Amino acid sequence: MTDINLSDSLLHWFAQNGRELPWRVKGKAHFDPYAVWISEIMLQQTTVKTVLDYFGRWMKRFPTLSDLAQADLQEVLLMWQGLGYYTRAKKIHECARILVDKYNGQIPSDRNELLKLPGIGAYTASSICCFAFNKPETVVDGNVIRVIARLYGLRHAVSKEEIYDLASQLTPTENGADYASAIMDLGATVCTPDNPTCIVCPWSSHCMARKKNLTDQIPVIQKPIKKERFGTLWLIKNMAGAYCIRKRPGKGLLSGLYEFPWTYSDEPSLYSKEEGIGFGSVTHVFTHFKLRLDIRIIKSETSPVSEGVFVLPSDLKEYPFSTLMKKVIAKIK
DNA sequence: AATTCGGGGAT
DNA sequence: ATCCCAGAATT
């Protein structure tokens, strides 16, 4: 069999088994490149199931590029809170204004032009070309890495570049949107990390990993160690029952979100360790470290940080918070 | 080339 | 607990 037959069999499988998704139109490109762009940014490093609700709320509040460009970053972050990687929300907002100001409100269909825009990298540029403009670009995400590594039986740690070279040779010159959707759906629903259902896979008879019974060992991924960090969080409560919160910097961890003031244990503390009353702790697992914050309640009419503001519990919903801080909020109610 | 960015669902 | 998911930007 030739490579043409591989892509044909995959497209045939997709026509019958591909997922129906709000940001997808099977059989052709999506009519709204804006919707494709938003969905692609949201889907980075997360799952379809997680994004569905966020995408629905987003398109209701910001139906068009213009609506998004006119909104405040604060409101964009409110829509994004809980999704993680908050720099994406900032970049998406930046990008919307650039598109309105310099691109006549149109999302480019040229890959190199897309790569110039904030928040759009190699994968997303290709995916917008495929899904919004039906171009025959090759997309490489976690699904494609797994599918291709298994198809070719790659037993070493693979790079995205290596996968791209192999995957691009299989990419047909027509049906760009369907083919990109298909290979990703195959990885998401058939060629899964654990217990792939090879029996229904259109590429089963060509798959080297299956032939050698190595699907549970491919792809080879190296995993970094996750360290644990500690700190103290201060619930500073005034006579009116309001709590002190502050906005995090525009860069770095949880950028742009609000928080109750806290510091790592290896940094200068805002109060002495014994001050206030212990109020338990919260733990949270980030991608690259685990964090435990011991909580202490302080009665004070003034903030220990210059940018702190006092907010009543009933008004906290107006501020974007991380999931970590939502855990703290849940404790004070 | 490595590290830094969140969060949740499945196992 | 561990894995990993439609990655990009920074160092």
Side-chain angles (χ1 to χ4, degrees), chain A residues 18-19 21-24 30 35-55 77 80-92 94-95 114-132 137-147 149 157 159-161 163-164 167 177 179-189 191-196 216 219-229 248-257 259 283-291 320-327:
Chain A
R19 294 173 292 183
L21 299 169
W23 47 84
R24 165 187 294 177
H30 195 279
V36 172
W37 167 50
I38 297 300
S39 69
E40 287 306 323
I41 304 295
M42 284 188 171
L43 283 159
Q44 288 169 13
Q45 292 301 100
T46 188
T47 57
V48 166
K49 184 179 176 62
T50 299
V51 167
L52 283 172
D53 285 343
Y54 281 94
F55 182 78
L77 285 169
W80 204 271
Q81 62 180 343
L83 247 186
Y85 291 117
Y86 297 96
T87 299
R88 290 183 297 167
K90 185 179 180 183
K91 302 265 185 188
I92 219 172
E94 276 179 35
C95 189
L114 286 163
L115 283 170
K116 296 177 184 174
L117 296 167
I120 297 181
Y123 164 78
T124 304
S126 293
S127 69
I128 292 174
C129 287
C130 291
F131 301 135
E137 293 288 343
T138 297
V139 293
V140 179
D141 72 331
N143 290 308
V144 176
I145 290 173
R146 187 171 54 256
V147 168
S159 68
K160 263 192 170 178
E161 290 71 23
I163 297 297
Y164 178 87
Y179 184 80
S181 301
I183 194 167
M184 292 162 81
D185 275 21
L186 187 69
T189 66
C191 193
T192 49
D194 300 314
N195 305 314
D216 59 340
V220 178
I221 308 289
Q222 53 178 0
K223 45 197 171 185
I225 2 155
K226 195 168 287 191
K227 296 194 173 182
E228 188 161 11
R229 300 191 70 178
R248 290 184 64 84
K251 291 183 177 181
L253 187 70
L254 306 174
S255 56
L257 299 193
E259 66 180 5
T283 61
H284 193 70
V285 182
F286 294 95
T287 300
H288 50 301
F289 70 100
K290 292 186 276 190
L291 179 64
F321 288 100
S322 65
T323 297
L324 166 62
M325 288 301 143
K326 295 258 183 185
K327 292 177 182 175

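The structure presented is a predicted model; accordingly, all values stated were derived computationally and were not measured. Letters A, B, ... mirror the listed sequences (proteins, then strands); counts begin at 1.
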TODO: Please name all residues satisfying side-chain contact (heavy atoms from CB on, under 4.5 Å) with A:Val220, sequence neighbours left out, ordered by chain then number.
DONE: A:Ala157
Task: Proximity to the side chain of A:Lys49 - top-ranked nucleotide from B:dG7, C:dA6, B:dA10 - done: B:dA10
Open item on the list: Counting only side-chain nitrogens and oxygens, does A:Arg146 get under 4.0 Å of the OP1 or OP2 atom of C:dC4?
Closed with: no
Task: Partners passing side chain to side chain donor-acceptor pair (under 3.5 Å) against A:Ser39 (at least two apart in sequence or in another chain) - done: none
Open item on the list: With a sphere of 6.0 Å drawn around CG of A:Asp216, does it hold more than 12 non-hydrogen atoms of other residues, nucleotides or ligands?
Closed with: yes
Write out a two-atom table: protein N or O, nucleotide N or O from nucleotides 9-11 of chain C, distance below 3.5 Å.
unit_1 : atom_1 : unit_2   : atom_2 : d
C:dA9  : OP1    : A:Gly119 : N      : 2.5

Sub-3.5 Å pairs of nitrogen or oxygen atoms, protein against nucleotides 1-3 of chain C:
unit_1 : atom_1 : unit_2   : atom_2 : d
C:dC3  : OP1    : A:Lys223 : NZ     : 2.6

Task: Nucleotide of C:dA8, B:dC5, C:dC4 approaching A:Gln44 most closely (side-chain heavy atoms) - done: C:dA8
Task: Sequence-distant partners of A:Tyr123, side chain to side chain donor-acceptor pair (under 3.5 Å), two or more places apart - done: A:Glu40
Task: Euclidean distance for P, C:dA6 against B:dT11 (whole angstrom) - done: 14 Å
Open item on the list: Suppose we screen for side chain to side chain donor-acceptor pair (under 3.5 Å). Which residues come up paired with A:Lys116, at least two apart in sequence or across chains?
Closed with: A:Glu113
- [ ] Assign each of A:Gln45 and A:Asp194 to its nearest nucleotide of DNA chain C by heavy atoms, then name whichever residue's nucleotide is nearer the 5' end.
- [x] A:Asp194
Task: A:Gln44: side chain to side chain donor-acceptor pair (under 3.5 Å) partners, not counting sequence neighbours - done: A:Thr124
- [ ] For A:Lys326, enumerate each residue passing the salt bridge (charged side-chain N to carboxylate O under 4.0 Å, His left out) test, keeping only those at least two apart in sequence or located in another chain.
- [x] none
Task: Contacts of type salt bridge (charged side-chain N to carboxylate O under 4.0 Å, His left out), residue A:Arg248, not counting sequence neighbours - done: A:Glu259
